[in-house]
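Note that the structure is a prediction, hence the values are computed from the model and not measured.
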Amino acid sequence: MKFFISDTKKLEHKYGKWFWYADSECSLYANNKHFVIYAGYTIGGETIEQIIQRDPQELEKANGTYWAVIMTEESCKVIVDYFCQTKIFYRRNNAIEISNALYLFPFTSKDVDRQEVEKRLTISSDKKEYQPTESFEKWETMVLDWGYASSPSLGVRQYSPSMCRTVFKDTYLLQPDHCLIATDEINIQRIHDTQKWITDSLRTKHQMTREQIQTEIHRCMKEHADLIKTKYKNIVSSLSEGIDSVLQDQYFPDAEKIMYDFQPSNAPFTYKQKAIDNTKNKKCKVDKFVLDKDVIEKTASTVMNDPSCFYWDTLPSQQQLHNLQVKPDILMYGQNGDNMFMHKPFFYYEYMFTKQIPKDIPVKQKLFEFNRTLEDFQDCYSSVNNIWDRPATTWQEAFPDMTQEQLIEELENDPADAYIDDFAKKNTPGLYNREVSHAGDVLVTSLFCDKRIFTLVMSAKDDIMLESIMDAKIQKDILENKFNYQYETPHKDQAEFNAVHIIKPMYVSTIRHCLQDHLEQEA
């Protein structure tokens, strides 16, 4: 599924001014106006082939999982799907080069940006003193601060242009929400504004009932899944005990299942086993991911091929894909489930905190009122990030990074809908799929990456939205009403591990990998 485009490096194929390479998994289309290299599919009506044959430029507004390179004699345009499930890299120095595989660029050691590498290898004092344990850390706390973006939301960080640098000189990752247009130079052009879309959706409420929302989400997910099952033969579904994974997997009863389990475990295997037992064939390939420093270092060195990898906690999935005997045609992964349904503690805390703002009571009393809202949250699916965590019972536990004075200032000065901007930042999609896709050279998708349904819960009436935030009500009802599935996992199963061990071996091995001449071998 790899391509490489250059205006200078001589390759076997050429269209206009562009030398090009595409492997056998890419599709090609040509007419008298342009030549298109593409992969993936569209949903909600026309096929990707129909759109390309009429006008490939329309892929800017399409829905699905895809990428396309549109060449004319003098220009080259690259478009990826709305949820950015494929990485696109480009280099502009004395040449223009574009690829969806970083290791296809003809890099030499002189191209390594050593200053950038040193910056990424530098660990702050507190992390140098950090002693790895067998406990499970919040992965966000282990992400290195490259000094480019300050937003606490990992999704928002990836949408920042400053986070699109790589460790190679003059080489960049295409910014989400943008397309690439190359002529004699490269221009990056905005075609979407995801954060604005989310903000607008949170502010503009539709009047659909809970049942109507469930019906529409199920209809779209079934239609999406049926298209995938028609187009692809070898489908692999990444399964866990979490509700997003379990719900998505119901639409692929005959797909091969894979699952990983941390050793030592981060949750009782009981609920993973229940997820397996409820599959059609009661079969699933379960791999153990050993949380040992030496093992993690070796795994990272062996399976990772991309020094621009942002979500290091996809390593277990990268390893599983690497170890499959037969590469799948498509991998089903859970990107956007948390964003679409907002079933994380953060959303409840933020929402209920701002609900105290308009109350005509002393400001300190508002903090105690917030504490009372936590009582209703204790037994809910979203009350913790991991099954073995303890739900927060006080504002101090809900907002550990905030002082009482800071919270009082917000209660006195913020508007009652202040949660919306915070939600929008947190809801900006985390781009996991493209990490796994690059690692395994395979199309990776999610039924939650669908523009028709992504904001349905965000723009629902407040009581319906709150049910989803607290206890994944909509998803549980779809499972019960459409699949006769009684979901039993009590809380979120967020699978995180200490990724400190990955840093150095990942950069050393992936940079070395990119300095090999893969393009010559491929072509």
Side-chain angles (χ1 to χ4, degrees), residues 4 6 8-9 84 87-130 139-176 178 180 182 185-188 296-297 300-315 318 431 434-435 438-439 498-519:
F4 181 81
S6 176
T8 55
K9 183 174 176 59
C84 202
K87 289 188 172 186
I88 302 296
F89 299 94
Y90 61 94
R91 179 160 70 157
R92 47 187 179 194
N93 43 22
N94 295 323
I96 290 175
E97 294 170 333
I98 309 164
S99 180
N100 62 347
L102 186 58
Y103 51 83
L104 289 187
F105 285 81
F107 293 129
T108 69
S109 58
K110 293 181 180 179
D111 293 312
V112 178
D113 188 336
R114 300 184 184 281
Q115 184 176 359
E116 183 71 17
V117 173
E118 287 299 321
K119 183 183 294 184
R120 299 189 185 200
L121 288 177
T122 300
I123 304 176
S124 61
S125 298
D126 61 323
K127 295 203 171 47
K128 284 181 180 178
E129 297 170 1
Y130 175 80
W139 178 73
E140 287 92 335
T141 66
M142 307 314 299
V143 176
L144 295 187
D145 180 6
W146 298 343
Y148 305 140
S150 58
S151 169
S153 168
L154 298 183
V156 169
R157 286 193 203 182
Q158 283 197 291
Y159 278 70
S160 166
S162 58
M163 294 301 287
C164 296
R165 297 181 64 171
T166 72
V167 295
F168 295 100
K169 297 172 183 176
D170 305 308
T171 307
Y172 302 88
L173 180 61
L174 179 61
Q175 185 181 355
H178 292 70
L180 180 154
E185 58 183 23
I186 291 179
N187 292 300
I188 306 303
I296 292 175
E297 286 183 356
S301 299
T302 303
V303 309
M304 300 182 81
N305 61 15
D306 176 15
S308 75
C309 182
F310 184 79
Y311 285 102
W312 300 332
D313 55 348
T314 60
L315 180 59
Q318 294 188 33
L431 306 179
R434 65 180 189 172
E435 306 285 21
H438 190 284
N498 173 15
V500 168
H501 309 309
I502 293 178
I503 299 170
K504 186 173 181 179
M506 188 275 282
Y507 281 116
V508 170
S509 63
T510 55
I511 291 173
R512 183 183 297 125
H513 183 76
C514 289
L515 293 179
Q516 300 174 21
D517 193 349
H518 298 278
L519 185 59

Query raised in the report: Between H518 and F4, does the ring centroid distance fall short of 6.0 Å?
Result: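 Ring centroids of H518 and F4 are no less than 6.0 Å from each other.
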Distance in Å, [X] [atom1] paired with [Y] [atom2], rounded so as to fall on 0.5 Å steps:
X	Y	atom1	atom2	result
S301	K504	OG	NZ	11.0 Å
I88	S99	CD1	OG	7.5 Å
I186	E97	CD1	CD	9.0 Å
C84	L173	SG	CG	7.0 Å
Y172	S308	OH	OG	14.0 Å
L180	R92	CG	CZ	8.5 Å

**Report entry** side chain to side chain contact (heavy atoms under 4.5 Å, CB included) assessment of I503 paired with L121
**Finding:** CA-CA 7 Å; I503 299 170; L121 288 177; 3.9 Å; yes
Query raised in the report: Where do L315 and M506 land on the side chain to side chain contact (heavy atoms under 4.5 Å, CB included) test, with the steps shown first?
Result: CA-CA 10 Å; L315 180 59; M506 188 275 282; over 6 Å; no
Requested in this report: I would like to know whether L174 and F89 meet side chain to side chain contact (heavy atoms under 4.5 Å, CB included); could you show each step before the answer?
Outcome: CA-CA 6 Å; L174 179 61; F89 299 94; over 6 Å; no
Would you find a donor on one side and an acceptor on the other, under 3.5 Å apart, between the side chain of [X] and the backbone of [Y]?
X	Y	result
K169	K110	yes
N305	H438	yes
E435	Y311	yes
S160	Q158	no

Query - R91: which of D170, D113, D111 passes salt bridge (Lys or Arg N to Asp or Glu O under 4.0 Å) - result: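 Exactly one pass, corresponding to D111.
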Requested in this report: Could you walk me through whether T510 and Y103 pass the side chain to side chain contact (heavy atoms under 4.5 Å, CB included) test, one step at a time?
Outcome: CA-CA 9 Å; T510 55; Y103 51 83; over 6 Å; no
Query - For C309 against Q318, the heavy-atom pair lying closest together - result: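 Minimum heavy-atom separation between C309 and Q318: SG-NE2, 3.8 Å.
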Query raised in the report: Taking all non-hydrogen atoms of both residues, which atom of V167 and which atom of Y507 are closest, and how far apart?
Result: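 In this case the closest contact between V167 and Y507 is CG1-CE2, 4.1 Å.
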Query - N93 atom CG, neighbour heavy-atom count above 12 within 6.0 Å - result: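 Counting other residues, nucleotides and ligands, CG of N93 exceeds 12 neighbours.
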Query raised in the report: Is the shortest distance from a Lys or Arg side-chain nitrogen in E118 or R114 to a carboxylate oxygen in the other one below 4.0 Å?
Result: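 Salt bridge flag = no for R114 with E118.
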Query - side-chain contact (heavy atoms from CB on, under 4.5 Å), paired with P307, selected from V117, T166, I511 - result: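 Among V117, T166, I511, the one meeting side-chain contact (heavy atoms from CB on, under 4.5 Å) with P307 is I511.
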